[in-house]
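Notes to accompany the following structure.
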Amino acid sequence: MAKSDVKTSLLDNMIGVGDSVLLEPLTEDTFLENLKKRFDHSEIYTYIGSVVISVNPYRPLSIYTPTKVEEYRNRNFYELSPHIYALADEAYRSLRDQDKDQCILITGESGAGKTEASKLVMSYIAAVCGKGAEVNQVKEQLLQSNPVLEAFGNAKTVRNDNSSRFGKYMDIEFDFKGDPLGGVISNYLLEKSRVVKQPRGERNFHIFYQLLSGGSEDLLRQLKLEKGFNHYNYLGLDSAEVNGIDDAANFRTVKNAMQIVGFMDDELESVLEVVAAVLKLGNIDFKPESRVNGVDESRIKDKNELKEICELLGQDQAVLERAFSFRTVEAKQEKVSTTLNVAQAYYARDALAKNLYNRLFTWLVNRINESIKAQTKVRKKVMGVLDIYGFEIFENNSFEQFIINYCNEKLQQIFIELTLKEEQEEYIKEGIEWTHIEYFNNTIICELIENNINGILAMLDEECLRPGTVTDETFLEKLNQVCAVHERFESRMSKSSRFLNDTTLPHNCFRIQHYAGKVMYHVEGFVDKNNDLLYRDLSQAMWKTNHVLVKSLFPEGNPAKMSLKRPPTAGSQFRASVATLMKNLLTKNPNYIRCIKPNDQKAPHIFTEGLVRHQISYLGLMENVRVRRAGYAFKQLYEPCLERYKMLCSQTWPHWRQGARDGVEVLLTELQIPSEEYSYGRSKIFIRNPRTLFELEDQRKRRLEDLATLIQKIYRGWKCRTNFLLMKKSQIIISAWSKRHFQRKKYLRLKMVTLRIQSYIRGWKARKLLRELKHQKRCEQSATTIAAYWRGTQARRELKRLKEEARRKHAVAVIWAYWLGLKVRREYRKFFRANAGRKIYEFTIQRIMQKYFVDLKNKMPSMSPTEKTWPARPYLFLDSTHTELKRIFHLWRCKKYRDQFTDQKRATFEEKLEASELFKDKKALYTNSVQQPFQGDYLEISKNPKYQKLNGAVEEKILLADVVNKINRANGKGAPRIFLLTKSNFIIADQKSGQIKSTIPVMDITSISVSKQTDGLFAIHLKEGSTAAAKGDFLFTSDRLIEIITKLYRTIFLKTNQKIAVEINNEFLVQFNQDKVCVKFIQGTQKNGNLPACKRKNNRLLEVTVP
Ligand SMILES: Nc1ncnc2c1ncn2[C@@H]1O[C@H](COP(=O)(O)OP(=O)(O)O)[C@@H](O)[C@H]1O
Ligand SMILES: [Mg+2]
């Protein structure tokens, strides 16, 4: 829509007057006229201030399109022509922006359009509040709860084809942003009697028809239902089909809605099963059966229906059948079972059907609540929408109408309280000049009904609880007694009744003058309906089913939870819930929609003036307009008012330091608002005209925009500046760092270059210096060398000169000596001529010899015979003399040495000499013996007492005594023997005993044989034929072989003067007895020291192994 097309005031293109407050003159006629005019021009909404009057058009209008929604969105209430959207928008914005919980109260009689209005409000709010997948789902669920509840709770009545047969209050919950979070639905008293019976021209609840029309064949078969409404007793026949209602299509809508709301498939199935069961319950018929005792009993006519119901509900047929035939009364722990007659059985059947359906409905509401409840625990803002059944006057009004009308009475009371009474009272309280406007206050009617002591509901409860026979008639009687004098109560029964002659009032009725008109109530059924009794047998039977849903609907049927306490009556329950509702509504900011029904034909374009006039009257609309006109459209405490508008005045903005009232005064004066437009109350400012308020609001809005721009400007400036400063700071830091970096790089490069140049220069300088130093050194060296050479040359030249000089001098001297000699010889030649030469020679020789001997005497070597040195020969000619002298000196020296010897020592040396002659360089053993002195007697025979006897046996002087090994001739084994040598014998004695074994004269020894080796074996060969030689030659071994043989040799030489042969050979022969045995020495491994091992090999051979 182009901007220019947008309406800016409800006054634009106005038909009649949009706001009745502006009506001039204001009378009921003009008011009605105005409504009619507007209605005729399809303007169904008219304001009284902020209250919306809605006249039901009974036809679809094109004023609920999305463009309309956009048009009314965020606009001031009076800006556009009156619309329910304007009210919804106002309420929603107050909720969202001012944080005030709202409620929308929709009142009007049945068929006036309340339910439609509530749906319009909800759809508008759904359209304007937050968007997003989650929010949309919440919205969708909230909206879709409507078709479900309508299907089960609405029915066609004579007044309304889609009449709500229950009261509904829905709280929609929002978060702080205004996004919907969820909702809570409360329901009030379903008109359940409709389930079993409907007044003429009306229908049962929609769902039954929807199910039968829309259910598929499969579904119906499954639910054991037949198509056709006429099969079911509970469905009134006369108006089953309703023009303009497509039950089949609605059934699909309902199923779809249930899915969206979140019903599971099995839940839907269960619900339909219960619906089917209720429908079929109506078809159970009973027949009387007389008993012998005269008692009538009822029997079920056709058990097939019962069987199918039981199958549907998972019920035991016998249990249900019994529950329809007996009633158990429990009194003082006694159970009494009585049989039911036919009427009672029907009553039981209907009670069950009603209860089943009612409980199912309550369950549905709870189930929907479960789905739509807000998922978060955050603080919520709430908008309540109340759509309660409207005021009803039927031909035959019963308990339900009584309750419904009571509820409407209460709502009217709230309206009066808030719009008429309180407002006027407040003006007076605030000290505003005010002329009271009369209005009808319906408190008196409410009191008549709900008073705790003598109210009708209290009477009814009292009657229900009273022992004894209680009937509707006794209840009426009681009413007549208590209420007869009440100005709003009419009855013919009481004696003093003002209505004794009123024939329009039947005897079984009472009449109440409601705010909306007189209603006559038939007392029939009041007690029953208030009691709302379901035989315990039935609830217990129901609890026993396998059907989860049905079982949960009858918790009191659980024997474990059974209580004897009566449940609260329907009336008192309702009264309590209405009281709660009223309390709830009073906490919220109310928004009113007052619905008016233009005709009774439910037809468009018909405006029945009488009907409307009546509604205007009982709704108190005229009073409403009057109060509005005289009063003030808007009131507010000074503080919040100043707080809200203080930005409009330079004096109060931003801070006002004085009282709030003064502030508001300054504000309004400065804004140049005409003084008749407002009044100052004690604590509140009252603004007469909404337009003034809207002007203020507009100015505020503009100012807020300016302020927002200012804040934005300052914030942007601040933000930019902070950003700039930050960037500047960053830039400085970055440039500092980069400068540092580049300077550092440059510096390092310079440093490197400098260092390089420096090093080159230093190098160059150093090399130069080195060159110079080298040069200098070379110069010095050259100088030294030159000097040295020069000095050398000088020295050599000098030496040469000196040598030359010396040679010359020597030459001169020689020449001179020769010359002198020559001169002397020439002179003395005449004196030496004959022998002087010889004499000089002799003298010279003499001198030389003399000197030689003197020198020799001084240089004489030592006297040791082993000394070999001799002074060097001085003159060649003394060579032979010198050698001879050496020899003589040695001999002399030896002689001198020998002269020192004793005899014994001499003998010893002689022996050693002898040994040397015998063995030196012949036998290897000899070298060992050289340094061993020849002791001779090793056994000390003469001193050792052990050898005393032996010593005694030997007469001669013992030359040698030692222990030797005598080799056994036969096997070569050795045995120790004492070997003694005297001048003439050698004696062999036993080593231990000293017993002489044999004495052999030395003369019998012919020769001695030894080997060349280091062994000590020796053979003593004896003269053949001698006594000693009887056994043959001796073989001995001894370490002292050299001494023994030397001594033997010398002894024999001294005795016989013959030198015996000492054979030294590695193989020799010995004579053993008659045999000549060869003794052979072979080299072997060392076994027992130096002693050779002898082994007689055979007759001819004795092997000696020498180590
Ligand atoms: N604003 C409207 N526009 C068109 N038809 C309406 C409007 N309000 C009510 N109706 C018609 O009036 C009938 C009854 O309205 P409803 O809201 O059910 O009445 P109530 O709830 O007050 O008993 C609706 O079924 C509908 O056909
Ligand atoms: Mg309704």
Side-chain angles (χ1 to χ4, degrees), residues 1 5-23 34-35 38-39 41-57 61-98 100 102-108 112-114 116-129 172 174 178 383-387 419 588-596 621 624-625 628 633-634 687 689-698 701:
M1 193 184 279
D5 296 346
V6 176
K7 292 192 202 167
T8 54
S9 163
L10 83 173
L11 297 167
D12 296 347
N13 316 322
M14 198 163 69
I15 297 146
V17 184
D19 189 345
S20 320
V21 175
L22 303 175
L23 260 183
N34 186 39
L35 281 188
R38 290 180 63 76
F39 177 77
H41 286 86
S42 302
E43 288 283 356
I44 60 164
Y45 299 111
T46 308
Y47 296 151
I48 305 175
S50 57
V51 173
V52 175
I53 300 170
S54 157
V55 186
N56 188 349
L61 295 177
S62 58
I63 54 170
Y64 307 115
T65 55
T67 31
K68 273 283 172 199
V69 171
E70 280 311 310
E71 199 178 315
Y72 278 86
R73 191 170 180 174
N74 294 327
R75 299 292 286 269
N76 271 329
F77 191 69
Y78 294 104
E79 238 178 79
L80 303 176
S81 51
H83 201 293
I84 192 167
Y85 284 173
L87 177 126
D89 192 67
E90 178 78 9
Y92 175 65
R93 277 193 296 138
S94 310
L95 170 105
R96 190 189 58 191
D97 303 340
Q98 295 179 13
K100 281 193 215 152
Q102 301 287 320
C103 68
I104 292 170
L105 302 177
I106 309 169
T107 56
K114 298 183 296 297
E116 291 300 320
S118 78
K119 286 194 270 187
L120 287 169
V121 168
M122 277 169 65
S123 66
Y124 177 82
I125 286 168
V128 298
C129 67
I172 309 171
F174 297 86
M383 180 178 289
V385 181
L386 181 70
D387 165 30
T419 56
K588 300 191 165 92
N589 184 46
N591 301 272
Y592 294 100
I593 300 171
R594 318 225 66 187
C595 298
I596 287 178
L621 296 185
N624 191 188
V625 182
R628 244 319 85 238
F634 177 76
I687 291 174
N689 213 319
R691 237 158 258 110
T692 313
L693 180 69
F694 292 141
E695 212 164 278
L696 278 177
E697 277 291 306
D698 279 347
K701 209 162 145 193

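With rounding to the nearest 0.5 angstrom, the CG atom of Leu35 is 6.5 Å from the OG atom of Ser20. The line from CD1 of Ile106 to CG of Asp387 is 5.5 Å long, rounded to the nearest 0.5 Å. Atoms CG and CD1, from Asn624 and Ile53 in turn, are 7.5 Å apart once rounded to the nearest 0.5 Å. The CD1 atom of Ile125 lies 5.5 Å from the CD1 atom of Ile172; values are rounded to the nearest 0.5 Å. Here OG of Ser54 is found 10.0 Å from CZ of Phe39. Values are rounded to the nearest 0.5 Å. Atom CD of Glu43 and atom CD1 of Ile15 lie 4.5 Å apart (nearest 0.5 Å).
A donor-acceptor pair is defined here as one N or O able to donate and one able to accept, closer than 3.5 Å; no such pair exists between the side chain of Arg594 and the backbone of Val52. No donor-acceptor pair under 3.5 Å is formed between the side chain of Arg75 and the backbone N or O of Glu70. Using a distance-only test at 3.5 Å, with no hydrogens or angles considered, no donor-acceptor pair links the side chain of Asn34 to the main chain of Gly16.
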Should Gln102 and Lys588 be marked as a side-chain contact (heavy atoms from CB on, under 4.5 Å) after you check the CA-CA gap, both sets of side-chain angles, and the distance that decides it?
CA-CA 5 Å; Gln102 301 287 320; Lys588 300 191 165 92; 5.8 Å; no
Show the numbers, then the answer: is there a side-chain contact (heavy atoms from CB on, under 4.5 Å) between Ile44 and Ile84?
CA-CA 10 Å; Ile44 60 164; Ile84 192 167; over 6 Å; no
List the steps, then state whether side-chain contact (heavy atoms from CB on, under 4.5 Å) holds for Asn56 with Ile596.
CA-CA 6 Å; Asn56 188 349; Ile596 287 178; over 6 Å; no
Go through the steps for Arg96 and Phe174 under the test side-chain contact (heavy atoms from CB on, under 4.5 Å), then give the verdict.
CA-CA 8 Å; Arg96 190 189 58 191; Phe174 297 86; over 6 Å; no
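Closest non-hydrogen pair, Cys129 versus Gly178, comes out as CB-O, 3.4 Å. Contact detail for Ile593 and Ile104: the closest heavy-atom pair is CD1-CG2, 3.8 Å. For Cys595 against Ala117, the heavy-atom pair with the smallest separation is SG-CB, 4.4 Å. The two residues Ser50 and Leu87 come nearest to each other via the heavy atoms O-CD1, 3.8 Å. For the residue pair Tyr85 and Leu120, the shortest heavy atom distance occurs at CE2-O, 4.0 Å. Annotation for His83 and Tyr45: closest pair CA-CD1, 3.8 Å, computed over non-hydrogen atoms.
Remark: the Asn591 side chain and the Glu90 side chain contain no N/O donor-acceptor pair separated by less than 3.5 Å.
Put simply, the side chain of Glu116 reaches to within 4.5 Å of the side chain of Lys119, judged on heavy atoms.
Residues Tyr47 and Phe77 bring their aromatic ring centres within 6.0 Å. Aromatic rings of Tyr92 and Tyr124 (six-membered ring for Trp) have centroids beyond the 6.0 Å cut-off, not under it.
For the side chain to side chain contact (heavy atoms under 4.5 Å, CB included) with Leu621, the qualifying choice from Ile48, Thr46, Val51 is Ile48, the only one to do so.
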